[in-house]
Asker: 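Quick one: the structure is below, and I'll ask about it shortly.
Side-chain atoms are counted along with the backbone in the values below, which use heavy atoms only and exclude waters and symmetry mates. Chain A is the first sequence line, chain B the second, and so forth, proteins listed ahead of strands; every chain is numbered from 1.
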Number of protein chains: 2
Amino acid sequence: MTEIISDLYHVKDKLYAAADCIIFGFEGGRIKLLLFRRRVEPLKGEWSLIGSFVRLDEDVSEAAKRVLKEITGLENVFMEQLKAYGKADRDPGFRCLSIAQYALIRINEYDEELVEKHGAHWFNIDEIPDLVLDHNQMVADALKRLKQKARYQPIGFELLPEKFTIPQLQQLYEAIYQRDLDSRNFRKKLLSLNVLIKLDEKDKSSSKRGAFLYKFDDKNYQKLLESGYNFEIA
Amino acid sequence: MTEIISDLYHVKDKLYAAADCIIFGFEGGRIKLLLFRRRVEPLKGEWSLIGSFVRLDEDVSEAAKRVLKEITGLENVFMEQLKAYGKADRDPGFRCLSIAQYALIRINEYDEELVEKHGAHWFNIDEIPDLVLDHNQMVADALKRLKQKARYQPIGFELLPEKFTIPQLQQLYEAIYQRDLDSRNFRKKLLSLNVLIKLDEKDKSSSKRGAFLYKFDDKNYQKLLESGYNFEIA
DNA sequence: GTAATAATTGTAAAAAATACGCTCATTCTA
DNA sequence: TAGAATGAGCGTATTTTTTACAATTATTAC
């Protein structure tokens with residue numbers, strides 16, 4: 001379907017829906033965003049979010065998963081609908097709704113080759129170029145959502161490797177909230193929640209002493225939720 | 001447009017978009033929802049959210065405002081997009097996305113005649129009948145959003161008259177959170193935020209002594225936000 | 001003028017958030 | 001191999017916020 005309609009632009013007598021993905025990663029203490037160069041007219045070659053038209057026989061969320069897998073090779077990652085963008089004039093070519101979804105991926109796990117093949121690149125979140133259509137707005141909205149959501153739900157872990165250190169986790173939250181956190185209080189708070197499993201291994205990539213690795217304890221987290229606990233980080 | 005396509009159902013080779021409105025009100029200490037009987041096949045006559053197809057030349061948010069005005073006569077009320085519902089099989093008749101929006105209205109201000117003319121009725125939120133399609137899911141999601149949102153943003157005021165008493169406000173929050181609040185602590189917390197303007201009038205509808213009326217102080221609230229304050233109620 | 005009703009007020013205790021500095025484990029190098 | 005360098009890890013005191021809890025006040029109805 002994409003192929004057919006991408007030839008004729010200015011199709012305003014028919015409705016289309018696109019699934020656009022805001023793909024976040026985390027590396028080197030900074031939040032990253034995966035962008036690629038648009039492959040279809042109009043605006044071919046411009047930086048853009050990764051997206052696709054939604055097929056008529058396909059759920060919107062499936063469309064987003066399909067796109068994500070195409071570009072990164074990843075399945076079963078955290079993905080949530082951000083919102084629908086429905087201005088009549090948002091796309092000069094089509095009357096096209098976009099349902100934006102954001103994904104959090106472990107930057108060490110994606111298929112690098114596949115990403116390069118599609119002409120995609122990781123950008124620091126504070127160095128995003130001009131994007132096509134209303135995609136900059138989508139990114140801004142997604143970042144806002146990420147900030148809000150990270151405070152009350154442990155979605156940050158989706159951006160870290162399965163095994164991570166507490167200083168890494170703190171770095172992540174500092175990147176999301178864009179402010180420094182006190183390491184003693186941060187550690188105290190996190191450990192008090194009882195959702196981290198301490199491993200016997202250390203990560204020595206960033207210090208001579210090495211820092212203990214932890215895993216997220218999803219079982220305990222679910223218990224915590226069921227008990228009506230009001231989860232909150234930093 | 002609605003008229004044309006409502007004749008032929010089973011149009012699955014074309015995409016439609018609907019704007020469905022979850023309209024909340026508050027009266028007698030209970031959260032209410034405005035529903036009406038569906039006017040088009042399939043499922044004509046069943047209880048349903050109020051909605052309409054989105055016209056091709058119309059913003060999605062405009063479509064929702066249009067519907068709301070048609071039914072209640074109200075404009076400029078709080079309305080926010082909930083999310084898009086995009087399952088391929090969500091509507092047996094059409095391939096139709098729905099962008100659900102929720103509105104908070106002052107139940108004393110709507111146009112009662114207009115509402116009745118459209119066959120609409122107010123239901124207590126815990127007595128919602130079976131609705132068409134995925135509308136029950138939408139209501140559940142909207143309620144969840146309302147609960148979350150009310151805690152960190154003063155949207156509750158949108159459901160009360162311009163002038164309200166503190167006991168009324170407490171009733172509202174008790175209805176939203178579905179738990180009792182301590183009246184001394186509630187009052188203390190609310191007044192400490194400095195976003196209520198005490199008036200010289202009293203409301204005597206619920207007590208012999210009468211309770212002082214207050215207005216929401218939007219200016220002070222905006223100041224509070226700008227100063228980076230972390231607003232939280234109850 | 002007395003009973004009834006809901007509105008209003010204060011204080012003490014507990015819990016959570018914040019501020020803050022030193023020691024530890026390990027590696028590197030002199 | 002001793003000592004310097006580096007980030008990891010820990011504890012305590014202070015402040016702020018939240019919670020728990022009961023008596024008084026203004027007004028109306030009898």
Side-chain angles (χ1 to χ4, degrees), chain A residues 28-29 150-152 154 160-161 163-215 224 227-234, chain B residues 28-30 150-152 154 160-161 163-175 177-215 224 227-234:
Chain A
R151 174 161 274 116
Y152 304 106
L160 291 175
K163 300 174 181 182
F164 53 84
T165 68
I166 294 200
Q168 273 168 21
L169 190 59
Q170 180 176 344
Q171 268 199 322
L172 170 63
Y173 276 93
E174 288 179 333
I176 293 177
Y177 298 153
Q178 299 191 85
R179 65 187 176 89
D180 289 343
L181 300 172
D182 181 275
S183 69
R184 289 156 291 193
N185 294 336
F186 182 80
R187 181 183 294 266
K188 204 188 316 173
K189 179 74 187 272
L190 256 293
L191 291 176
S192 78
L193 294 173
N194 244 8
V195 293
L196 296 184
I197 299 170
K198 187 174 185 175
L199 305 177
D200 272 337
E201 309 165 61
K202 279 188 166 184
D203 172 288
K204 299 203 171 170
S205 62
S206 77
S207 81
K208 291 164 181 173
R209 179 178 176 176
F212 279 103
L213 287 162
Y214 289 79
K215 279 200 308 187
L224 206 63
S227 77
Y229 182 78
N230 212 5
F231 190 89
E232 186 171 349
I233 295 178
Chain B
R30 309 180 79 171
R151 175 162 273 116
Y152 304 106
L160 291 176
K163 300 174 181 181
F164 53 86
T165 68
I166 295 201
Q168 274 169 22
L169 189 59
Q170 180 176 344
Q171 266 198 324
L172 171 63
Y173 275 94
E174 287 179 334
Y177 297 152
Q178 300 191 84
R179 65 188 175 90
D180 289 344
L181 301 172
D182 180 276
S183 68
R184 289 159 290 193
N185 294 336
F186 181 80
R187 182 182 293 265
K188 203 189 316 172
K189 180 72 187 273
L190 255 292
L191 291 176
S192 78
L193 294 173
N194 244 8
V195 293
L196 296 184
I197 299 170
K198 187 175 186 174
L199 304 177
D200 272 336
E201 308 165 61
K202 278 189 168 184
D203 173 286
K204 299 204 171 170
S205 62
S206 76
S207 82
K208 292 166 180 171
R209 177 180 179 178
F212 278 104
L213 286 162
Y214 289 79
K215 279 199 310 185
L224 206 64
S227 76
Y229 182 77
N230 212 7
F231 190 90
E232 187 170 348
I233 295 178

Asker: Starting from the 5' end of DNA chain C, give me the residue, B:Ser183 or A:Asp182, whose nearest nucleotide shows up first.
Answerer: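 Upstream on the strand: B:Ser183.
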Asker: From the options D:dA8, D:dG11, C:dT8, select the nucleotide whose nearest atom is closest to the side chain of A:Arg209.
Answerer: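 So the nucleotide nearest the side chain must be D:dA8.
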Asker: Specify the separation, in whole Å, of atom NZ of A:Lys198 and atom C1' of D:dA8.
Answerer: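 Going from A:Lys198 (NZ) to D:dA8 (C1'), I get 10 Å.
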Asker: Where the side chain of A:Ser206 is concerned, which of C:dT8, D:dT27, D:dA8 is the nearest nucleotide?
Answerer: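 Among C:dT8, D:dT27, D:dA8, the one nearest the side chain of A:Ser206 is D:dA8.
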Asker: Taking atom C1' of D:dT19 as reference, at what distance in whole Å does atom CG of B:Asp180 sit?
Answerer: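 Rounded to whole Å, this separation is 15 Å.
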Asker: Answer yes or no: side-chain N or O of A:Arg184 and base N or O of C:dG21 forming a donor-acceptor pair under 3.5 Å.
Answerer: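 Between C:dG21 and A:Arg184, which were checked side chain against base, a qualifying N/O pair under 3.5 Å is present.
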Asker: At under 4.0 Å, does any side-chain N or O of A:Lys204 touch on OP1 or OP2 of C:dA25?
Answerer: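 No.
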Asker: Within the structure, does a side-chain N or O atom of A:Lys189 lie under 4.0 Å from either OP1 or OP2 of C:dA16?
Answerer: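 For C:dA16, OP1/OP2 do not have a side-chain N/O of A:Lys189 under 4.0 Å.
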Asker: Without decimals, in angstroms, what is the distance between A:Leu190 CG and C:dT18 P?
Answerer: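 The answer, rounded to whole Å, is 14 Å.
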Asker: So, OP1 or OP2 of C:dT8: does either fall under 4.0 Å of a side-chain N or O from B:Arg187?
Answerer: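 B:Arg187 to C:dT8 OP1/OP2: side-chain N or O found under 4.0 Å.
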Asker: Kindly compute the distance separating CG (B:Asp182) from NZ (B:Lys188), expressed to the nearest 0.5 Å.
Answerer: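 One finds 7.5 Å between CG of B:Asp182 and NZ of B:Lys188.
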Asker: Let's see if you can work this out: which of C:dT26, C:dT9, D:dG7 has an atom nearest to the side-chain heavy atoms of A:Lys208?
Answerer: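 That would be C:dT26.
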Asker: Starting from P on D:dT17, measure out to CG on B:Leu193 and report it in whole angstrom.
Answerer: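 Interatomic distance, CG of B:Leu193 to P of D:dT17: 11 Å.
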Asker: Tell me: CG of B:Asn185 to C1' of C:dA15, nearest whole Å?
Answerer: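 Interatomic distance, CG of B:Asn185 to C1' of C:dA15: 14 Å.
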Asker: Just wondering, more than 12 heavy atoms not from A:Lys189 lying within 6.0 Å of its NZ?
Answerer: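 Yes - once you tally the heavy atoms of other residues, nucleotides and ligands closer than 6.0 Å, there are more than 12.
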Asker: Tell me: CD of B:Glu232 to C1' of C:dA17, nearest whole Å?
Answerer: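 After rounding, the reported distance stands at 13 Å.
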Asker: Quick one: which of C:dA19, D:dG9, C:dT26 gets closest to the side chain of A:Lys202?
Answerer: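 Nearest nucleotide to the side chain: C:dT26.
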Asker: So, the side chain of A:Glu174 versus the backbone of A:Leu181: is there a donor-acceptor pair under 3.5 Å, distance only?
Answerer: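 Present.
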Asker: From the set C:dA6, D:dC21, D:dG9, return the single nucleotide nearest to any side-chain atom of B:Ser207.
Answerer: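 Given the options C:dA6, D:dC21, D:dG9, the side chain of B:Ser207 is closest to C:dA6.
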Asker: So if I take every side-chain heavy atom of A:Lys188 and compare against C:dA25, D:dG11, C:dA7, which nucleotide ends up nearest?
Answerer: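 Closest nucleotide among those given: D:dG11.
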Asker: Specify the closest pair of heavy atoms between A:Tyr177 and A:Arg151, including all atoms of both residues, with the distance to one decimal.
Answerer: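 So the minimum-distance heavy-atom pair works out to OH-CA, 3.3 Å.
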Asker: Between atom CZ in A:Phe231 and atom P in C:dA16, what is the gap in whole Å?
Answerer: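 So the CZ-P distance, A:Phe231 to C:dA16, works out to 15 Å.
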Asker: What is the distance, rounded to the nearest whole Å, between atom CD1 of B:Ile166 and atom C1' of D:dT25?
Answerer: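 In whole Å, D:dT25 C1' and B:Ile166 CD1 are 16 Å from each other.
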Asker: Would you compute the distance between atom CG of A:Asn194 and atom CG of A:Leu224 and round it to the nearest 0.5 angstrom?
Answerer: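 If I round to the nearest 0.5 Å, the distance is 8.0 Å.
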